[in-house]
Number of protein chains: 2
Amino acid sequence: MSKSLPKRSENYSEWYNELVKRADLAENSAVRGCMVIKPYGFSIWEKMQRALDDMFKETGHTNAYFPLFIPKSYLSKEASHVEGFAKECAVVTHYRLKNDPNGKGVIVDPEAKLEEELIVRPTSETVIWSTYKNWIQSYRDLPLLINQWANVVRWEMRTRLFLRTAEFLWQEGHTAHSTAAEAIAETKQMLEVYTTFAQEWMALPVLRGVKTANERFAGAVDTYCIEALMQDGKALQAGTSHFLGQNFAEAFDVKFQSKEGKLEHVWGTSWGVSTRLMGALIMAHSDDNGLVLPPKLAPIQVVIVPIYKSEEQLQAIADKVKPITTELKKRGISVKFDDNDAFKPGYKFAEYELKGVPVRLAIGARDLENNTVEVARRDTKTKETVVLDGIVDHISDLLDDIQLSIYNKALAFKEENTTSVDSYEEFKRVLDEKGGFVLAHWDGTSETEEQIKEETKATIRCIPLDQKQEDGVCFYSGKPSKGRVVFARAY
Amino acid sequence: MSKSLPKRSENYSEWYNELVKRADLAENSAVRGCMVIKPYGFSIWEKMQRALDDMFKETGHTNAYFPLFIPKSYLSKEASHVEGFAKECAVVTHYRLKNDPNGKGVIVDPEAKLEEELIVRPTSETVIWSTYKNWIQSYRDLPLLINQWANVVRWEMRTRLFLRTAEFLWQEGHTAHSTAAEAIAETKQMLEVYTTFAQEWMALPVLRGVKTANERFAGAVDTYCIEALMQDGKALQAGTSHFLGQNFAEAFDVKFQSKEGKLEHVWGTSWGVSTRLMGALIMAHSDDNGLVLPPKLAPIQVVIVPIYKSEEQLQAIADKVKPITTELKKRGISVKFDDNDAFKPGYKFAEYELKGVPVRLAIGARDLENNTVEVARRDTKTKETVVLDGIVDHISDLLDDIQLSIYNKALAFKEENTTSVDSYEEFKRVLDEKGGFVLAHWDGTSETEEQIKEETKATIRCIPLDQKQEDGVCFYSGKPSKGRVVFARAY
Ligand SMILES: [Zn+2]
Ligand SMILES: [Zn+2]
């Protein structure tokens with residue numbers, strides 16, 4: 001709290017790193033690329049988990065748990081899957097330590113070598129489909145709608161807190177269906193769930209679309225995604241939902257007897273969001289003073305700071321505040337009365353601003369006389385003096401208002417930063433000067449996509465689901481195109 | 001469902017294994033010693049988690065997340081800790097796979113060897129205390145009251161579903177305090193939380209006590225535990241709470257400035273329960289027909305099975321049942337109306353018996369005429385015909401009654417199977433013929449304890465917290481003793 005945060009306009013990246021640490025969200029651990037999620041950060045993640053889990057259950061899914069370890073041979077069974085993950089696998093090779101005969105602590109016991117190495121799961125399709133083989137015999141066993149909350153490991157070389165870490169927390173849904181149509185409907189349904197969660201809980205407007213072949217999940221037929229825009233104009237993939245076709249069913253020989261008595265391969269989907277969402281949440285809304293949290297995900301929604309000169313004043317304020325906190329809690333609003341005497345009000349104000357508490361009430365001697373309270377909202381940093389009668393209704397409405405207003409601000413930002421371009425010159429100029437989502441015609445080839453990426457670092461974020469059919473020419477190759485896709489530089 | 005379960009009296013161990021599989025609780029995976037927790041089993045674990053998590057939060061704890069991996073050197077810092085865990089560690093040595101140059105899938109890339117091996121956490125004291133070092137400077141930073149829900153790995157050679165698996169799920173609390181007294185109070189408080197959870201949620205009476213030095217957690221000063229009794233007369237350790245003294249603070253150099261300005265080492269605790277509780281729950285209450293679940297942990301508390309001969313009858317029953325299910329749900333009671341036409345009522349009855357659904361309602365044409373329903377309770381297998389007026393109150397009371405009655409049955413069993421003995425002959429006879437908890441005088445030495453274990457396979461489960469001061473002589477050595485300790489053969 002002694003130093004102020006770096007400014008977004010001066011060094012967005014440093015601003016983010018410092019904010020994550022100072023707001024007690026997460027920090028790097030002693031293990032390269034692995035983070036510690038601190039209590040305050042974790043309580044936001046818990047709120048995300050609860051909301052998502054409820055939505056998964058409402059759509060008919062149940063949770064289960066599959067092993068952390070995957071036999072190396074399993075990973076190899078789906079060709080493009082192993083291709084996608086082999087380069088970043090943590091590998092367990094031994095199962096015992098022993099005392100160093102030279103007396104230097106412990107060493108790996110060479111006699112305890114595993115016959116087959118185990119991979120720490122980077123994702124669980126292989127171990128889950130090997131299990132589904134035993135669970136599925138008939139169309140009556142389908143659909144199988146399962147989700148897992150778990151930790152996964154991908155050995156990333158360059159890591160950043162929440163955005164890209166070697167270990168991260170996520171949920172991974174894995175479903176099995178008797179028809180392609182049903183599996184595709186599931187894939188799309190879960191994209192809708194993610195969209196609703198991003199918009200209604202995270203106050204984060206997203207683009208929905210389909211990935212190009214280059215950006216597809218390793219092992220999927222189609223990858224659907226939601227893409228959000230950060231304040232520095234870079235895109236962030238916030239969730240993916242994959243239609244797996246029969247790829248994993250074929251790799252693990254998962255067949256079912258259809259109603260007509262035929263033996264067919266099962267159709268699959270998988271879908272996930274991770275602690276990366278924490279990064280998106282922080283980067284989308286926060287400002288140079290600290291976090292800005294949408295009320296629905298804020299661990300503390302309302303903080304009350306007493307301003308007093310004597311014990312008697314503090315007591316009088318506490319008495320006044322008590323029925324208000326009781327009533328707020330009754331309505332499910334989390335509230336903290338901060339009567340810690342070790343810190344001055346000004347220090348507390350800055351601290352709660354840093355932590356993104358949506359509503360701050362300050363109440364002093366004058367307020368007691370006038371039966372008022374000062375109400376400050378974190379998002380707009382506006383203050384007003386409000387009479388205490390009806391204050392609970394006022395706060396309740398204010399929280400709804402803040403939730404909506406953070407969303408609308410992010411929506412306006414996204415719209416302002418979505419640009420249609422028709423030439424390569426314009427494309428590069430917009431990327432460099434403005435950033436954001438760039439809508440442009442593309443010829444549909446991986447070659448062009450890769451050239452553009454190499455020359456500009458921009459990738460195709462998605463082919464939007466609501467793409468307008470429109471004849472045009474690719475800005476890079478001049479070849480014909482039937483609609484615009486979304487380019488951006490991305491996290 | 002085709003075969004009946006093995007009988008407990010004939011093969012308790014087989015009965016358990018088969019029950020876990022047939023009731024869809026868990027199964028072995030392709031990875032040695034790692035289990036798959038199936039949706040039905042996982043939904044019981046979720047209920048346990050929710051109840052425990054609420055209790056942890058009520059006692060002032062917050063959740064956080066620490067890395068899966070522990071640098072090998074960290075594990076070595078506390079001498080007895082590494083001694084306790086070195087022999088069962090999964091070790092990550094490499095971070096990449098590559099294509100086999102001989103074309104046989106993928107191999108571990110020898111060039112991607114880690115400089116320092118990483119251990120998959122068997123427990124997190126070391127990685128957490130290395131983090132606490134940066135979080136604690138002053139007495140103002142204390143106490144630090146943190147819990148983590150996580151997976152851990154201990155490479156057990158002989159595994160059994162839920163009871164002993166290489167990977168298991170658990171929570172581990174890790175707290176830091178400024179005084180020994182406060183840390184000891186925390187240790188005991190969490191033992192109380194576990195006791196309350198076991199008794200009120202799991203309907204499982206437990207003994208509370210302290211472990212002997214032999215059975216203490218590796219790195220603890222004192223290990224407190226709760227011990228439960230299974231139906232075969234064997235004990236099961238259901239939870240532990242450790243007073244760590246300053247051991248980990250010294251190993252990781254964690255000091256704080258006291259109010260008086262002195263620099264002192266911090267005092268610690270850790271405490272945990274795991275998916276082993278699932279094993280305890282199953283083994284304590286279930287019978288030869290399947291699971292018996294205490295209503296508070298049952299995923300489905302009430303099932304309603306219609307008995308009908310025509311579509312019209314089914315419709316009439318559905319209409320009758322509708323307001324009842326609505327009202328039950330309003331009261332937070334989970335209810336399933338099973339109108340699946342593919343199975344006969346008798347099949348469904350057996351299935352829900354196997355799954356341990358506490359209350360089953362059956363309603364047929366005769367019931368419609370009489371405005372009645374047949375109510376069957378799973379625990380006692382008794383049935384009664386009840387008029388539909390007031391049925392919701394009746395069910396609600398019945399669930400409370402079942403919860404209590406399962407507990408009382410287990411309590412009576414525990415009391416019947418707790419025996420005081422005064423000679424070695426008697427000790428061995430009771431162990432062999434009756435099992436259970438055996439209260440006996442012991443001379444307090446590890447030598448005697450180990451001899452007894454070697455000769456009888458019985459261990460000291462704990463020195464009970466409510467131990468009566470009573471002069472006596474050790475049944476094995478004849479040396480003096482001041483009170484009885486609890487022996488048992490154990491899981
Ligand atoms: Zn096949
Ligand atoms: Zn020290």
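Quantities reported herein were computed from a predicted structural model and do not represent experimental measurements. The chains referred to below are lettered A, B, ... by the order of the sequence lines, with proteins before strands, and numbering in each begins at 1.
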Exercise: identify the closest heavy-atom pair between A:Gln148 and A:Ser124: NE2-OG, 3.4 Å
Only pairs of heavy atoms separated by less than 4.5 Å count here; which of A:Cys34, A:Ala90, A:Cys89 has the most with chain B? A:Cys89
Region of B:Arg154 that comes under 4.5 Å of a non-hydrogen atom in chain A: neither
Can you tell if the side chain of B:Val254 reaches within under 4.5 Å of the side chain of B:Phe248, non-hydrogen atoms only? no
When the ring planes of B:Trp155 and A:Tyr95 are compared, do they come out parallel, tilted or perpendicular, using 30° and 60° as the limits? parallel
So which of B:Glu83, B:Arg96, B:Lys77 has the biggest tally of heavy-atom pairs under 4.5 Å with chain A? B:Arg96
How about B:Leu52 and B:Asn147: do any of their side-chain heavy atoms sit closer than 4.5 Å? no
Note: A:Val152 and A:Pro122 closest approach over all heavy atoms is CB-O, 3.8 Å
Salt bridge (Lys or Arg N to Asp or Glu O under 4.0 Å) evaluation trace for A:Lys57 with B:Glu46: CA-CA 13 Å; A:Lys57 283 174 178 156; B:Glu46 281 184 303; 3.0 Å; yes
Counting only non-hydrogen atoms closer than 4.5 Å, does A:Ile128 touch chain B with its backbone (N, CA, C, O), its side chain (CB onward), both, or neither? neither
Assert top hit (heavy-atom pairs under 4.5 Å, partner chain B, pool A:Thr165, A:Thr62, A:Asn151) equals A:Asn151
Top residue by heavy-atom pair count (under 4.5 Å) with chain B, among A:Phe66, A:Phe42, A:Tyr40? A:Phe42
Using the six-membered ring wherever Trp is involved, compare the ring planes of A:Phe168 and A:Trp170 and label them parallel, tilted or perpendicular (cut-offs 30° and 60°). perpendicular
On the 0 to 90° scale, with breaks at 30° and 60°, tag the A:Tyr132-A:Trp135 ring pair as parallel, tilted or perpendicular. tilted
With only heavy atoms counted, which part of B:Leu68 is less than 4.5 Å from chain A, the side chain, the backbone, both or neither? both
Among A:Arg32, A:Glu27, A:Arg140, who wins on heavy-atom pairs under 4.5 Å with chain B? A:Glu27
Do you know which of A:Lys98, A:Glu88, A:Lys87 has the most heavy-atom pairs under 4.5 Å to chain B? A:Lys87
Closest approach of A:Leu161 to A:Asn28 (non-hydrogen atoms, all atoms of both residues): CD2-OD1, 3.5 Å
Residue B:Ser76 versus chain A: region with a heavy atom under 4.5 Å: side chain
Report which part of B:Tyr74 has an atom under 4.5 Å of a heavy atom belonging to chain A: side chain, backbone, both, or neither. side chain
Residue B:Val127 versus chain A: region with a heavy atom under 4.5 Å: neither
Is B:Val106 in contact with chain A via its backbone, its side chain, both, or neither, using a 4.5 Å heavy-atom distance? both
